[in-house]
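All remarks here apply to the structure that follows.
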Amino acid sequence: MVVTRIAPSPTGDPHVGTAYQALFDYIWAKKNGGKFIVRVEDTDQKRYDAESENKILELFGWLGLSYAEGPDLGGPHGPYRQSQRLELYRKYADQLIESGQAYRAFETPQELEAIRKELLEGGKRAGYDGRARNLEPEDSARRAQAKEPYVVRFKTPRQGTTVVQDELRGPVEFENLGLEDTVLLKADGFPTYHLAVVVDDHLMGVSDVIRGEEWLPSAPIHVLLYQALGWPQPKWYHLPLLLDPEGGKLSKRKGNASINRYREMGVLPQALLNYLGLMGWSFPDGREIFSLEEMAQVFTWERMSLGGSAFSWDKLKWFNGKYIREVLSLDELTQRIQPFLEKAGYTYSSEQYLKQVIEAMRARFETLQEFVDKSGYFFHDDYPTSEKALAKLKEGGAFLPELLELLTGLPDFLPETTEPALKGFAEAKGVKAGAVMQPLRAALTGSLETPGMFEILMLLGREPVLKRLARALPLLAD
RNA sequence: GGCCCCAUCGACUAGUGGUCAGGUCACCGCUCUUUCACAGCGGCGGCAGGGGUUCGAGUCCCCUUGGGGUCACCA
């Protein structure tokens with residue numbers, strides 16, 4: 001059975017790269033009728049952020065990437081938090097020491113720093129020179145017994161090469177001499193990523209390891225660890241990296257890697273996933289809009305391209321707009337928008353009214369927040385008037401008093417009534433419709449970018465329209 | 001710098017030896033039109049360079065260049 005996993009580390013705001021990897025984990029498992037699981041890699045006590053785990057799990061829910069096992073769900077191979085599996089890592093570290101494939105090292109951080117400097121000056125690579133390999137086993141055991149702090153290091157081979165069979169690029173060869181005696185178990189008893197990932201993936205039955213390309217350089221260590229522990233290798237897939245438009249890995253520091261930030265701006269999970277699905281992968285028939293299910297159905301790794309792809313806010317926004325106007329139903333869209341209106345403090349007389357407004361605005365916003373920003377005049381009277389709108393207002397000001405009179409006399413504000421009335425008015429004045437509509441639009445919305453005039457009149461309704469128009473008249477004076 | 005990965009329009013990509021190198025975003029025009037959008041139509045724009053292999057290379061090989069990743073008791 002194909003088992004994939006995402007192993008986020010709870011160190012802050014969830015990263016877009018995490019969603020990206022999770023997407024492919026999810027798709028690959030689904031495509032194969034396998035299982036996608038979540039494991040929390042909380043082995044770094046310094047960077048640990050208590051809220052992060054919940055945020056991450058909650059986000060998978062929001063995205064609709066459901067998992068079969070996880071820290072909140074449990075499962076047959078739990079616990080799914082590495083901090084709760086410490087004995088396991090200790091056990092395998094000990095096993096490796098006993099079999100002579102790992103060893104204790106007692107250097108302090110300061111000493112390591114000195115060694116690193118020394119190596120660098122000697123023209124060699126930085127890192128660790130493996131000097132503790134020479135410790136007598138009895139000596140090593142005695143010092144450990146005496147509670148002297150130590151780390152456990154992997155005894156990497158000094159000869160030959162290690163090949164990582166990457167499913168996306170074929171064999172990737174590494175000189176073993178270039179591999180460091182990586183730390184497996186830290187002095188605090190926590191494992192490093194390298195030990196933990198191998199132990200857990202094996203114990204949890206992970207068959208396909210899908211992760212970012214930044215892991216490729218340390219993949220040979222993992223391959224060697226599987227060998228040292230006598231376990232069968234999983235399949236390796238190193239996904240291309242998501243790049244910052246400015247160059248380099250997409251980073252939180254530059255501010256565009258936070259999923260929550262996109263969520264707060266009103267990006268839809270479906271649109272985000274769809275966009276991410278097109279980063280490095282393409283639908284066989286070239287279509288751009290597709291669901292998770294559709295993607296899972298036709299997914300193959302052959303369609304993966306390996307160059308890193310730059311994350312484009314413009315394109316994400318286009319996808320979001322596409323989902324807003326063509327994919328979501330009006331009901332769904334309304335539900336998505338409601339929390340944003342609530343946050344903005346906007347109220348509306350009925351859901352029916354809200355839906356009509358959304359429908360009228362639909363082609364005019366690409367994020368949910370943008371809807372709020374652009375449609376304030378549908379929800380309250382103290383909307384701002386843009387400079388351009390004010391200019392238009394004055395330009396056509398002469399018509400306004402008559403328009404007020406005309407509208408006051410109309411039996412209703414339905415398009416069938418207002419359209420001939422306003423067009424007839426323009427004609428009578430010998431001007432184009434726009435000369436009448438624009439000032440009116442400015443008066444009623446404070447904006448020059450709105451839905452059609454007749455829709456506005458109908459939605460706003462008689463009283464507000466007349467009120468707003470009357471209110472605009474004094475503005476014409478100055 | 002060592003090691004590793006990658007390389008088609010500004011961006012995301014299709015291409016798997018023979019295509020006018022196609023699509024999408026962005027940008028620019030036009031159409032529609034009461035504004036702004038949407039939509040439709042059109043345009044701009046690319047195989048990094050050099051060697052090979054081949055009757056024929058964006059497609060295969062090598063070198064150069066460029067970009068990225070990684071070199072922690074972080075993941």
Side-chain angles (χ1 to χ4, degrees), chain A residues 7-11 41-44 46-47 105 107-109 112-113 116 120 123-128 149-153 164 166 168-169 172-175 177-180 182-188 190-194 196-197 211-220 238 240-241 243 245 247-249 275 278-289 302-303 305-312 314-319 321 325-326 361-366 374 388-389 392 419 422-423 426 432-438 440-442 445 447-454 456:
Chain A
S9 65
T11 53
E41 309 228 325
D42 55 347
T43 56
D44 186 348
K46 293 185 203 78
R47 296 199 306 158
E107 289 84 7
T108 63
L112 283 176
E113 196 49 52
R116 223 168 272 143
L120 228 43
K124 295 188 176 170
R125 65 168 207 284
Y128 180 67
Y150 66 89
V151 300
V152 176
R153 284 182 182 272
V164 177
D166 185 88
L168 304 181
R169 353 176 178 242
V172 182
E173 202 168 306
F174 295 84
E175 288 291 338
L177 202 55
L179 303 176
E180 219 187 293
T182 319
V183 172
L184 262 21
L185 206 63
K186 304 183 237 179
D188 63 6
F190 279 65
T192 59
Y193 172 83
H194 307 292
V197 76
R211 70 224 302 195
E213 197 191 327
E214 72 261 33
W215 291 110
L216 196 48
S218 53
H238 292 92
L241 261 16
L243 267 25
K249 263 205 299 193
Y275 172 61
L278 250 14
M279 301 288 271
W281 188 78
S282 58
F283 208 91
D285 67 6
R287 84 177 75 163
E288 311 261 9
I289 304 294
E302 291 88 75
R303 298 200 64 80
S305 62
L306 300 178
S309 22
F311 194 87
S312 157
D314 274 343
K315 194 149 186 179
L316 207 210
K317 247 189 345 195
W318 176 82
F319 270 100
R325 69 185 96 93
E326 290 177 21
M361 288 294 293
R362 222 174 188 181
R364 297 175 171 80
F365 64 98
E366 288 186 307
K374 289 182 171 178
K388 283 181 180 173
K392 269 292 179 219
E419 179 160 1
L422 287 173
K423 286 191 170 162
K432 285 187 186 173
V436 173
M437 305 288 189
Q438 286 294 72
L440 182 58
R441 187 188 312 279
T445 70
S447 167
L448 254 28
E449 302 165 12
T450 79
M453 198 66 252
F454 314 119
I456 294 197

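Protein chains get the first letters and strands the later ones, always in sequence-line order, with residue 1 at the start of each.
Within 4.0 Å (heavy atoms only), A:Glu173 reaches sugar-phosphate atoms of the nucleic acid but no base atom. Residue A:Val172 is classed as a sugar-phosphate contact, given heavy-atom separations below 4.0 Å to backbone atoms only. Among the atoms of the strands shown, none is found under 4.0 Å from any heavy atom of A:Leu185.
Between A:Leu440 and A:Leu422 there is a side-chain heavy-atom pair separated by less than 4.5 Å. Looking at A:Arg169 and A:Leu216, their side chains come closer than 4.5 Å, going by heavy atoms from C-beta outward.
Across all strands shown, B:A7 is found opposite B:U65 as a Watson-Crick or G-U wobble partner, with both distances under 3.5 Å. In this structure B:U19 sits in no base pair that meets the Watson-Crick or G-U test at under 3.5 Å. B:G45 is unpaired under the Watson-Crick or G-U wobble criterion, no partner having all donor-acceptor distances under 3.5 Å. Base pairing analysis places B:C30 opposite B:G40; the two distances defining the Watson-Crick or G-U wobble pair are each below 3.5 Å.
Between A:Arg303 and B:G15, a side-chain N or O to OP1/OP2 separation shorter than 4.0 Å is present. The phosphate of B:A72 has neither OP1 nor OP2 within less than 4.0 Å of any side-chain N or O from A:Lys186. Using a 4.0 Å cut-off, no side-chain N or O of A:Ser9 falls inside it from OP1 or OP2 of B:C74.
The C1' atoms of B:G10 and B:C28 are separated by 14 Å, rounded to the nearest whole Å. Remark: the separation of the P atoms in B:U54 and B:G15 is 27 Å, to the nearest Å. Spacing between B:G45 and B:C9 at atom C1', rounded to whole Å, works out to 5 Å.
The distance between atom NZ of A:Lys249 and atom C1' of B:C71, rounded to the nearest whole Å, is 13 Å.
When the nucleotides B:A75, B:C71, B:C4 are ranked by their closest atom to the side chain of A:Glu180, B:C71 comes out on top. For A:Thr192, taking side-chain heavy atoms from C-beta onward, the closest of the listed nucleotides B:U13, B:C3, B:A75 is B:A75.
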Per-nucleotide protein contact string for nucleotides 6-12 of chain B (B base, S sugar-phosphate only, - none; heavy atom under 4.0 Å): S----SB

Footprint string (nucleotides 30-39 of chain B, 5' to 3'): B base within contact, S backbone only, - free, heavy atoms under 4.0 Å: ----BBBBSS

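With hydrogens and angles disregarded, a donor-acceptor distance shorter than 3.5 Å links the side chain of A:Thr445 to the backbone of A:Ser447.
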